[in-house]
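Just below is one structure, and these are the notes that go with it.
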2 protein chains.
Amino acid sequence: MSCESETIDVLRESGHKMTPQRMMILTSLRHASGHLSAADIFEQVKAAYPYVDISTVYRTLTVLKEMRLISETHMGGGDATFEWVASERHHHLICRHCNGVTLLDHTYLEKLGSQIEREVGFHADIDHFAIFGLCADCKRETASN
Amino acid sequence: MSCESETIDVLRESGHKMTPQRMMILTSLRHASGHLSAADIFEQVKAAYPYVDISTVYRTLTVLKEMRLISETHMGGGDATFEWVASERHHHLICRHCNGVTLLDHTYLEKLGSQIEREVGFHADIDHFAIFGLCADCKRETASN
DNA sequence: TCCTTTGTTGCAACGATTTGCATCTACTCT
DNA sequence: AGAGTAGATGCAAATCGTTGCAACAAAGGA
Ligand SMILES: [Mn+2]
Ligand SMILES: [Mn+2]
Ligand SMILES: [Zn+2]
Ligand SMILES: [Zn+2]
């Protein structure tokens, strides 16, 4: 029994079918250390099953996104990136000057989410935010000129 | 003197040139009531000057974005939307179930920005966020089934 | 006004993602 | 196991946005 079995059940219970392609895409995402582009996933899957089409990858990503098993994030550098939404959520700060990417603990956004829910009644999906801006170093540099 | 004159100065001072095409794109954004897609702007400008190319629109939007005069936001429905960043900022809550879009006051995110700046030293550009989730109505509906 | 510099434009080609459609296959029910 | 159905796949075409390049035009100075 692979570590994907729970996910497979979740998919089946929501009316989706499990196919070898999906299985491979799922495995690729579950075992990735960080962010993957659709092309990354496509390459990995193609190595084992050369007939996959990139549209199948995108369609599977759409399904997984809808079920909130993965996040899709535009981090500024070209293609969208996808990441498994683990139990310990995190977010990113991206510097628009040096393009540096750092982690932001979920606690910062958890407060925002609960405040919105309490005061507006809207339940925000705060899975994986990319917040752009100026990092401390670039802020200093920009100020001194 | 049009209401764009101040913006023109800002652009010139940062080494950019003012062209009729830019002027028209700028006017389109300044006078829009809400969100515009690149295609919307393209159509408007083309009405007055049929030779514009869509790439000029995108390139101008990129410049205006870099100067943070406008925001670019993916609101879930197809193309990216662009909006003038007025002095009174605002954000949006977008329901993933009914696709409803509502306003979110900037105060909610201002706190987040100042906390990140204080504790991490990162200056976040919190201009125009799109926060997805479930609105109060759809939350209720989803719970009762 | 004329010249020089440098950023901008239009066009065409390209890259990323989505979509329509015919075929196929995982799942369910005999 | 066999048949039926709903959903998934592969392929091709379309869409949205980006980029290289040669021609062009603002801005600034002589
Ligand atoms: Mn991440
Ligand atoms: Mn808005
Ligand atoms: Zn930086
Ligand atoms: Zn809703």
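Note that the structure is predicted; figures quoted are calculated from it, not measured. Within every chain, numbering begins at 1; the chains are lettered A, B, ... in the order of the sequence lines, protein sequences first and strands thereafter.
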Completion exercise
To the nearest angstrom, the CD-C1' distance between B:E13 and D:dA27 comes to 14 Å
Practice task
Report yes if a side-chain nitrogen or oxygen of B:Y49 is closer than 4.0 Å to either non-bridging phosphate oxygen (OP1 or OP2) of C:dG10; otherwise report no.
Solution key: yes
Practice task
Using a 4.0 Å heavy-atom cut-off across all strands, classify B:S55 as base, sugar-phosphate, or nothing.
Solution key: base
Exercise for the section: Take atom CE of B:M18 and atom P of D:dC24, then tell me their distance rounded to the nearest Å. Expected result: 22 Å
Exercise for the section: Report the distance from atom CD of A:Q21 to atom P of C:dT23, rounded to the nearest whole Å. Expected result: 19 Å
Fill in the blank from the handout: From CD of A:E66 across to C1' of D:dA8 the rounded distance in Å is 14 Å
Handout entry: Flag for B:H74-A:E72: side-chain donor and acceptor within less than 3.5 Å
Key = no
Handout entry: Parallel, tilted or perpendicular: ring planes of B:H90 versus B:H35, cut at 30 and 60 degrees
Key = parallel
Problem - Presence of donor-acceptor pair under 3.5 Å, side chain of A:K17 and base of D:dA6 - result: yes
Fill in the blank from the handout: Atom OH of A:Y51 and atom C1' of D:dG10 are separated, to the nearest Å, by 12 Å
Exercise for the section: Drop me the distance from A:H97's NE2 to B:H123's NE2, to the nearest 0.5 angstrom. Expected result: 14.0 Å
Practice task
Nearest whole angstrom, please: distance from the C1' of C:dT17 to the NE2 of B:H74.
Solution key: 12 Å
Practice task
Consider the side chain of A:A80, meaning its heavy atoms from C-beta on, and name the nucleotide among D:dG10, C:dT17, D:dA8 that approaches it most closely.
Solution key: C:dT17
Practice task
Answer with base, sugar-phosphate or nothing: what part of the nucleic acid does A:G15 contact at a heavy-atom distance below 4.0 Å?
Solution key: sugar-phosphate
Exercise for the section: Tell me which of A:T56 and B:D79 sits closer to the 5' end of DNA chain D, going by the nucleotide each one is nearest to. Expected result: A:T56
Handout entry: D:dT18 phosphate, OP1 or OP2, under 4.0 Å from B:Y58 side-chain N/O
Key = no
Problem - Closest to the B:A38 side chain, choosing from D:dA26, D:dG17, C:dT9 - result: D:dG17
Exercise for the section: Answer with yes or no whether the side chains of A:S28 and A:Q44 bring together a donor and an acceptor at under 3.5 Å. Expected result: yes
Problem - Residue mapping more 5' on DNA chain D - nearest nucleotide basis, B:T19 or B:A39 - result: B:A39
Handout entry: Length of the CE-P vector between B:M23 and D:dA27, whole Å
Key = 11 Å
Practice task
Take B:H16 and B:E66, measure what side chain to side chain donor-acceptor pair (under 3.5 Å) needs, and give me the verdict at the end.
Solution key: CA-CA 12 Å; B:H16 292 101; B:E66 279 167 5; 5.3 Å; no
Practice task
Specify the separation, in whole Å, of atom CZ of A:R12 and atom C1' of D:dA8.
Solution key: 14 Å
Handout entry: Under-3.5 Å donor-acceptor pair between A:R59 side chain and D:dG7 base
Key = no
